[in-house]
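Beneath this line is the structure, given in structure tokens, with notes to follow.
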Number of protein chains: 2
Amino acid sequence: MATGRDVAQLAGTSTAVVSYVFNNGPRNVSPATRERVLAAAAELNYRPNALARALSFGRTSTIGLIVPDIANPYFGELARALEDAAMERGELLLIGDSSLDPERERRHIAAFVERRVDSVVMVSLLDEPDFAAFEQASIPVIALHPIADDAPAASLTIDYELAARAAAAHLVAHDFDSIGLLNGPAHSVGAGQHRRGFLAAMAEAGRELRHDERNSGTSRADASAVSLRWLAEPERPRAITCATDEQAYGVLHAAYLLGLRVPQDLAVIGFDGTEHSEYAVPPLTTVRQPIRAIAARAIELVAEAAAEPADGADFTRVRELAGHELIVRASCGCAEG
Amino acid sequence: MATGRDVAQLAGTSTAVVSYVFNNGPRNVSPATRERVLAAAAELNYRPNALARALSFGRTSTIGLIVPDIANPYFGELARALEDAAMERGELLLIGDSSLDPERERRHIAAFVERRVDSVVMVSLLDEPDFAAFEQASIPVIALHPIADDAPAASLTIDYELAARAAAAHLVAHDFDSIGLLNGPAHSVGAGQHRRGFLAAMAEAGRELRHDERNSGTSRADASAVSLRWLAEPERPRAITCATDEQAYGVLHAAYLLGLRVPQDLAVIGFDGTEHSEYAVPPLTTVRQPIRAIAARAIELVAEAAAEPADGADFTRVRELAGHELIVRASCGCAEG
DNA sequence: CTGAAAGCGCTTACAG
DNA sequence: CTGAAAGCGCTTACAG
């Protein structure tokens, strides 16, 4: 592949000028030589080597993204929104998929540090992700979920407890007398938030109410298997609110297999609110996360932090909250009121 | 961030030795100095700079992936399978999402060339993707869809025509008398393959049969909108076979909105066969692509090509076919025979 | 406006 | 077994 030297030679100038032309600076180039350089570059199919550029420039113009599960459409949508926001700033988004495997997450962290990404957006599998490698490399990180107050990273997230409460309260308001929570893994931080929100709504009901919690992984397969057992019990819930849309799809599938009609026999609410939720059968009532707003703000924060390394300490104090929205559709049977 | 020089200084040795230690070669290092280097590296949190390494080594240990739409679970699953295969070979997979936008695809191609990925796996939005930039940079590319015979890339793909015929033939065999094809954009190469397979099955039916084709984008939203109009017509089909699972989900949604029961009033078949298809309501009959096998083979081919640049000409002649499999579930009403 | 040269952080023949 | 030095392909003060 042609190098800047080759171009300089063909254009009868120096590599410095080639660089000035391709970067529009930092020095001016006369129109005539600029023409010659461009012509030579075109003839040789010259593509600047981004590795060499980054090595001497000190920035890679690259943002790393780590997601737990790219096959989950929520993270697919999130990745797309982040890439849109990154591209607008001329940054490339590198996507690392942890495949629900903590070891994978660790490897992506290492790979991003070694490749010197300018900054990182992270959705960790772990309750206490290990930010140490990024911290040592002075790479700013923003987590899109709650993190410890003293964690060396920023965070931007909805208030899961409040959002979970809103979903459960919706079911309470519509007089269901037996409400279930299909939560994530029982001891995770995220499950604790959903549980607290759910229980708060139950406590506020002001009437007798049976309620119950079950736990499953985030996959449809797992959620379906758990729901199949749950819904076969004599005391099965009349309504179920879930910690993710994926789990809600599993509930819908289990209900189908058992011949339960949704919403007539079972009301269902999801959580996350991807575009796909509108096309579920029946369309899914869900709590929508403002994915595009979160993505745009996350990239903005992280790009600023990368540009002003001096403010690193301030950046790791950032704890921003985004709003959520309950979208009422057919799956909970309350769409008309 | 600490450099190899810092480590060498602290360990009282040279940068060459640091490199030998971290790469296990190409020269031996005495156990004593190796210890000292490792200790110094640990103390300084040394992480080799992959950019500098790649620049001098001439390889980035990186494979680029371009997909049309990462929010489509099929490509999510594909990306995951490819990353698994890449990691097994110690390569990092960089994922570029074209967001159904050809301009985006072009930018990813440019970014991959500039970053000097060792090779590329590509699912293009376009019928005739532009491989020129990769060819000029001598970067081997494998497309996971059919490409022109003289295209400067390898390809590995199922036989879409055969697979589409199998799906349609299944409906023919089960005596549906009015069968529709919900195809992709009418004039694309892919739509042509689905159409030929579909029409072949119709021709082989050996009886009177109404059939019809409609076209939609790959999104659920678009497929649902098109289906809504189609299924409201008096001559609506009794069965629909689709070019993608995403479109089939759109059909299921439209049927739901119109109060049509699947499969009693309308049989539906998808195409691609992601894990999610099993959890549709009702579970989706679909043509499964062997995603993991395709991913493993694609990475194998591309890694070999990158290792032996001499065989570049041979590599671009590779046109491999993978098998497909019809998975019969409830959505076509034929699950019991 | 332009060129010669140092430097980014590695790897690897070349000497010893 | 180890060190000094050249080179990978850029960018950018430093001179002119």
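Chain A is the first sequence line, chain B the second, and so forth, proteins listed ahead of strands; every chain is numbered from 1.
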Quiz prompt | side-chain N/O A/N23 vs D/dT11 OP1/OP2, d < 4.0 Å | solution = yes

Quiz item: Just checking A/F22: base, sugar-phosphate only, or nothing, at a heavy-atom cut-off of under 4.0 Å?
Solution: nothing

Exercise. Please check the phosphate of D/dC8 (OP1 and OP2 only) for any side-chain N or O of A/T3 closer than 4.0 Å.
Key: no

Quiz item: Does D/dA4 have a Watson-Crick or wobble partner in any strand here, with both distances under 3.5 angstrom, and which is it?
Solution: none

Quiz item: Would you call B/R317 and B/D149 a salt bridge, taking side-chain N to carboxylate O under 4.0 Å as the test?
Solution: no

Quiz item: Are B/E83 and A/R104 close enough for a salt bridge, meaning some N to O gap below 4.0 Å?
Solution: yes

Exercise. To the nearest Å, give me how far apart CZ (B/R116) and P (D/dC10) are.
Key: 7 Å

Quiz item: Reckon B/Y20 has a side-chain N or O less than 4.0 Å from the OP1 or OP2 of C/dA13?
Solution: no

Quiz item: Considering only D/dG3, D/dT11, C/dG3, which nucleotide approaches the side chain of B/S14 most closely?
Solution: D/dG3

Quiz item: Rounded to the nearest Å, what distance is computed from the CZ atom of residue B/R53 to the C1' atom of nucleotide D/dC10?
Solution: 20 Å

Exercise. Round to the nearest Å and state the distance from B/L51 atom CG to D/dT11 atom C1'.
Key: 15 Å

Practice problem: Please check the phosphate of D/dC10 (OP1 and OP2 only) for any side-chain N or O of A/S56 closer than 4.0 Å. | Solution: no

Quiz item: Does a nitrogen or oxygen in the side chain of A/T33 sit under 4.0 Å from OP1 or OP2 of C/dT2?
Solution: yes

Practice problem: Among C/dT2, D/dT2, D/dT11, find the nucleotide with the atom closest to the side chain of B/R27. | Solution: D/dT2

Quiz prompt | Spacing of B/Q9 atom CD relative to C/dG9 atom C1', expressed in whole Å | solution = 14 Å

Exercise. Nearest-nucleotide wise, let me know which of A/N28 and A/T15 is further upstream toward the 5' end of DNA chain C.
Key: A/N28

Quiz item: Could you state the CE-C1' distance from B/M1 to C/dC10, rounded to the nearest angstrom?
Solution: 14 Å

Quiz item: Got a salt bridge between A/R106 and A/E103, using NZ or NE/NH1/NH2 to carboxylate O under 4.0 Å?
Solution: yes

Exercise. Run the ring-centre check on A/Y46 versus A/F22 and record whether the distance is less than 6.0 Å.
Key: yes

Practice problem: Select one nucleotide: of C/dC8, D/dG3, D/dT11, the one nearest the side-chain heavy atoms of B/T13. | Solution: D/dG3

Quiz prompt | Separation of D/dG7 C1' from A/R5 CZ (nearest whole Å) | solution = 11 Å

Quiz item: When you check the phosphate oxygens OP1 and OP2 of C/dT11, does a side-chain N or O of B/S19 lie under 4.0 Å from one of them?
Solution: yes

Self-check item: C/dA13 - base-pair partner by Watson-Crick or wobble geometry, distances under 3.5 Å
Solution: none

Exercise. Between B/F57 and B/A16, name the one whose nearest nucleotide on DNA chain D is closer to the 5' end.
Key: B/A16

Self-check item: Side chains of B/S98 and B/R107, donor plus acceptor under 3.5 Å
Solution: no

Self-check item: Nearest listed nucleotide, side chain of A/S30, among C/dT2, D/dT11, C/dC10
Solution: C/dT2

Quiz item: Is the shortest distance from a Lys or Arg side-chain nitrogen in A/E91 or A/R59 to a carboxylate oxygen in the other one below 4.0 Å?
Solution: yes

Quiz item: In whole angstrom, what separates A/L55's CG from D/dC8's C1'?
Solution: 9 Å

